[in-house]
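Down below is the structure, laid out as structure tokens.
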Amino acid sequence: MCDNDVHLDPDADPTLRRRLRTAVLAVALLNLAYFFVEIGVAVGIGSVSLFADSVDFLEDTAVNLLIFVALGFTLRWRSVMGKVMAVIICVPAVAAAVSLILKAGNPEPPDPLSLTVTAGGAVLVNLACALILARFREHGGSMTTAAFLAARNDVLVNVAIIVMGLITAATLSGWPDIVLGAIIIVLNVSAAKEVWEAAENENLAAQAMAGDLDDD
């Protein structure tokens with residue numbers, strides 16, 4: 001079975017490529033649907049962490065759509081797309097930073113119940129996406145690495161938002177929401193760094209292959 005062979009290449013296996021495309025398209029649609037849910041709640045209750053997470057759903061949509069399009073690309077162009085995705089992953093970090101700065105001047109606590117319930121739904125969506133992508137993590141280089149890392153980090157962030165909602169209910173303070181916003185920034189920057197490094201490795205592999213062809 002191809003799921004157990006980490007060396008299979010979607011470009012060399014049309015069946016694997018088709019299955020991977022189906023998987024990332026499903027993940028993209030799931031993320032897009034929940035983006036509208038989460039951003040609506042985030043704006044309504046004034047939550048920094050939830051707003052950052054909603055933007056993250058939009059970022060995940062873009063990453064998976066890019067994978068869907070780029071699967072037929074050469075190794076060199078796949079490296080370029082991986083770097084593009086690394087930059088895209090930083091978008092939620094920038095959005096969270098802006099929201100954090102604005103909220104710090106007026107740290108009103110968001111509604112804990114709405115926050116917790118919405119984050120719980122996000123956990124289910126992101127867990128489903130992570131499970132779908134985990135089967136293909138090793139099959140698409142930096143592109144599938146980008147998608148899997150994003151989904152994995154989202155599950156962790158959503159669990160943290162639930163915990164933060166409980167803390168907010170107990171303290172009636174807006175600062176837990178602001179602190180979690182800062183954590184989201186760190187997680188996204190870390191994921192972007194890993195994806196960039198994976199893309200660099202693909203670029204080196206493409207250069208090595210080109211060198212081998214020149215020697216022949």
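Side-chain atoms are counted along with the backbone in the values below, which use heavy atoms only and exclude waters and symmetry mates.
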**Asked** With Leu66, which of Thr61, Val24, Ile88 fulfils side-chain contact (heavy atoms from CB on, under 4.5 Å)?
**Response** Ile88
**Fill in**
Taken to the nearest 0.5 Å, the spacing of Ile167 CD1 from Leu115 CG works out to 11.0 Å
**Prompt:** With hydrophobic residues grouped by side-chain heavy-atom distances under 4.5 Å, do Phe36 and Val91 end up in a single group?
**Reply:** yes
**Passing candidate, side-chain contact (heavy atoms from CB on, under 4.5 Å) with Asp154, options Val125, Ile184, Asn126, Leu127** = Asn126
**Fill in**
Closest heavy-atom pair, Gly165 versus Pro112, reported as atoms and distance to 0.1 Å, is O-CB, 3.5 Å
**Prompt:** Quick one: CG on Leu166 to CG on Leu113, what's the gap to the nearest 0.5 Å?
**Reply:** 10.5 Å
**Shared hydrophobic cluster, Ile67 / Val84 (ILVMFWY, side-chain heavy atoms < 4.5 Å)** = yes
**Fill in**
To the nearest 0.5 Å, atom CG of Asp60 lies from atom OH of Tyr34 at 14.0 Å
**Separation of Ile161 CD1 from Asp53 CG (nearest 0.5 Å)** = 4.0 Å
**Request:** For Thr168 and Ser173, work out which heavy atoms get closest and say how close.
**Result:** CG2-O, 3.6 Å
**Asked** Are the side chains of Pro110 and Lys103 in touch, meaning some heavy atoms are under 4.5 Å apart?
**Response** yes
**Message:** If the test is side-chain hydrogen bond (donor to acceptor under 3.5 Å, both in side chains), which one of Thr118, Asp111, Thr116 qualifies with Ser114?
**Reply:** Asp111
**Item:** Least distance between heavy atoms, Leu100 atom then Ala182 atom
**Value:** CD1-N, 3.6 Å
**Prompt:** Is Glu200 paired with Lys83 through a side-chain N to carboxylate O contact shorter than 4.0 Å?
**Reply:** yes
**Request:** Check whether any side-chain heavy atom of Ile39 lies under 4.5 Å from a side-chain heavy atom of Leu50, and answer yes or no.
**Result:** no
**Cluster link Phe35 to Val43, ILVMFWY, side chain under 4.5 Å** = yes
**Item:** Heavy-atom closest pair, residues Gly105 and Pro107
**Value:** C-CD, 3.8 Å
**Interatomic spacing from CE in Met164 to CD1 in Ile178 - rounded to 0.5 Å** = 10.0 Å
**From Glu108 atom CD to Asp177 atom CG, the distance as rounded to the nearest 0.5 Å** = 11.5 Å
**Hydrophobic cluster membership, Ile183 vs Val155, 4.5 Å side-chain cutoff** = no
**Request:** Find out if a path of hydrophobic residues (ILVMFWY) with successive side-chain heavy-atom gaps under 4.5 Å connects Val48 to Trp175.
**Result:** yes
**Item:** Criterion side-chain contact (heavy atoms from CB on, under 4.5 Å) against Phe57, the qualifying member of Asn31, Leu30, Val37
**Value:** Asn31
